[in-house]
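Report on one structure; see the data block that follows.
Predicted model only: the values in this text are computed from it and were never measured. Atoms within a ligand are numbered from 1 in the order they appear, just like the ligands themselves.
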Amino acid sequence: MKVVVYSTKQYERAYLEKSNRGKHDFLFLEEVLSVKTVELAKECSAVSIFTNDDASSEVLKQLANLNIKSITTRAAGYDNIDLNEAEKLNLKITNVPEYSPYAIAEHTVAMILAMNRKIVQADRQVKNYNFALDDLIGFDLHGKTVGIIGLGKIGSIVAKILNGFGCKLLGYDIEQNEALTKAYGMEYVSLGKLCKIADIITLHAPLNTNTHYIINKENLQLMKKGVMIVNTGRGGLVNTADALDALKEGKIGYLGLDVYEKEKGLFFYDHSRDIPQDDLFACLLPYKNVLITGHQAFLTENALGNIADTTIYNLDCFQKSEQSLHELTGKKPAVRV
Ligand code: NAI
């Protein structure tokens, strides 16, 4: 089956080809899926996309016109796909719900530690033969209160790791998981209470209409002065302009972002020679207490292998007219067959 793979990066091709074992005929494209590039999918049976590809209503309609019947995203999040439109067009949408929650959870903790212990700054100083410790004072994570927003696969692992550090854990989720309370002493609280009490707040909820800008001016006002906020979820969970104001006021003491609300077209590319005009992003860069990685929390060998395996499984299911366990449209089977 001919499959067009949008937003392909060199590093993932080898994993996809290995998992594919020659079954599907891949057309690897660096281009992002959009109204401008949708035509490149013609004569293909299925489309593979990633987080910053545009699978909005208009693009889906055009893909359906090209006789595409299946779209599989090489990601867990699917906020870039209009599922309602896909249902109407009878397009099968699949994702990779769990490729390595450890990858994202561990990156989250790496950001917390790096900001707290000023690892980036320390390394820069040492390489400049500056061994003065004056600006490098951190705090013990042990005993700190961490608020976790979204306690699904990734949030639960963050809870497990931070419990190991001796942190007190607060959780906010629309569904409560008693196992987390039993295992790690997780206390489920309201969003307001979490904002008021937590020393560190980390975001692991999906982006949807309920979670868009869940970190905003109002919630920021509730927080402790000097709070640390880490977002490895989706950029739109944080109102960046509000966060920038809170940084200026010293309300936010540390801001760690692996995702950014306007990352589309910015992240995943080398823009060192064509610096994009994004004043909001540019304003964040000079802050020593802001740590930004470009949507790399997922990027481990294990995760890339699992993404490739599940993507091929999703494509195989479509080709064999079988229902994938990871179908976002249509009815899910109870067990994997
Ligand atoms: P999951 O579906 O296992 O967990 C999400 C949790 O959020 C669930 O417990 C759910 O009940 C909760 N939730 C949903 N709506 C909520 C709301 N309104 N308020 C509070 N909690 C709410 O998802 P998983 O695998 O843990 O991933 C979470 C998110 O992480 C993904 O949706 C994706 O956006 C992001 N992600 C980021 C990656 C990166 O490389 N930076 C890679 C993979 C995922």
Side-chain angles (χ1 to χ4, degrees), residues 7 9 11-12 49-53 55 73-81 83 93 95-112 147-162 169-181 184 186 188-195 198 201-216 219 229-238 256-261 263-264 266-268 291-307 310-311 325-326 328 332:
S7 299
K9 296 292 169 202
Y11 56 75
E12 59 180 344
I49 60 171
F50 196 51
T51 48
N52 285 337
D53 285 302
T73 175
R74 308 188 294 285
Y78 45 86
D79 46 275
N80 55 330
I81 307 174
L83 289 183
I93 310 287
N95 74 336
V96 184
E98 184 174 337
Y99 43 84
S100 173
Y102 300 99
I104 299 99
E106 289 170 12
H107 190 81
T108 303
V109 177
M111 292 189 93
I112 293 173
I148 306 177
I149 298 177
L151 285 141
K153 292 179 283 296
I154 297 168
S156 303
I157 295 166
V158 171
K160 182 181 179 181
I161 299 172
L162 292 177
L169 302 176
L170 300 178
Y172 172 70
D173 198 306
I174 48 170
E175 285 173 24
Q176 300 201 356
N177 178 358
E178 270 187 36
L180 294 177
T181 308
Y184 314 125
M186 162 77 61
Y188 281 96
V189 293
S190 67
L191 181 60
K193 188 170 176 190
L194 182 148
C195 290
I201 296 175
T202 180
L203 299 161
H204 305 288
L207 178 63
N208 56 39
T209 45
N210 297 322
T211 58
H212 183 244
Y213 286 170
I214 199 164
I215 299 298
N216 54 37
N219 287 336
I229 298 176
V230 182
N231 185 11
T232 61
R234 280 290 180 269
L237 297 174
V238 174
L257 303 175
D258 182 56
V259 285
Y260 166 57
E261 59 174 307
E263 69 177 53
K264 207 169 179 175
L266 178 67
F267 285 9
F268 302 130
L291 178 65
I292 307 176
T293 52
H295 207 140
Q296 72 173 73
F298 73 99
L299 198 65
T300 66
E301 290 170 1
N302 317 61
L304 289 171
N306 292 336
I307 290 170
T310 306
T311 298
L325 189 67
H326 313 307
L328 300 168
K332 281 189 175 190

Mark the output for Pro101 as yes if a heavy-atom distance to ligand 1 is under 4.0 Å, and as no if none is.
-> no
Would you say Phe298 has any N or O atom under 3.5 Å from an N or O of ligand 1, going by distance alone?
-> yes
Ligand-side contact atoms (ligand 1) for residue partner Gly150, heavy atom cut-off under 4.0 Å | 7 (O), 21 (N)
What atoms of ligand 1 come closer than 4.0 angstrom to any heavy atom of Tyr172?
-> 19 (N), 20 (C)
Under 4.0 Å from any heavy atom of His295, which atoms of ligand 1 are there?
-> 39 (C), 40 (O), 41 (N)
Pick one of side chain, backbone, both or neither for how His204 approaches ligand 1, counting any non-hydrogen atom pair under 4.0 Å.
-> backbone
Tell me which one of Gly152, Gly235, Gly236 gets a heavy atom nearest to atom 6 (C) of ligand 1.
-> Gly152
With backbone taken as N, CA, C and O and side chain as the heavy atoms from C-beta onward, which portion of Tyr99 lies under 4.0 Å from ligand 1: side chain, backbone, both, or neither?
-> side chain
Considering only heavy atoms of Thr211, which atoms of ligand 1 have at least one such atom less than 4.0 Å away?
-> 16 (C), 17 (C), 18 (N)
Taking both backbone and side-chain atoms of Asn208, is any N or O found less than 3.5 Å from an N or O belonging to ligand 1?
-> no
Using heavy atoms and a threshold below 4.0 Å, how should the contact between Leu151 and ligand 1 be classified: side chain, backbone, both, or neither?
-> backbone
Is there any N or O on Ile154 that sits under 3.5 Å from an N or O of ligand 1?
-> yes
Option nearest atom 14 (C) of ligand 1 (shortest heavy-atom distance, choices Gly233, Pro206, Ala205) | Pro206
For ligand 1, does His107 get within less than 4.0 Å through its side chain, its backbone, both, or neither, judged by non-hydrogen atoms?
-> neither
Any N/O pair Thr232/ligand 1 closer than 3.5 Å | yes
Nearest non-hydrogen contact to atom 12 (C) of ligand 1 from the set Asp173, Thr51, Leu299, Leu203 belongs to Asp173
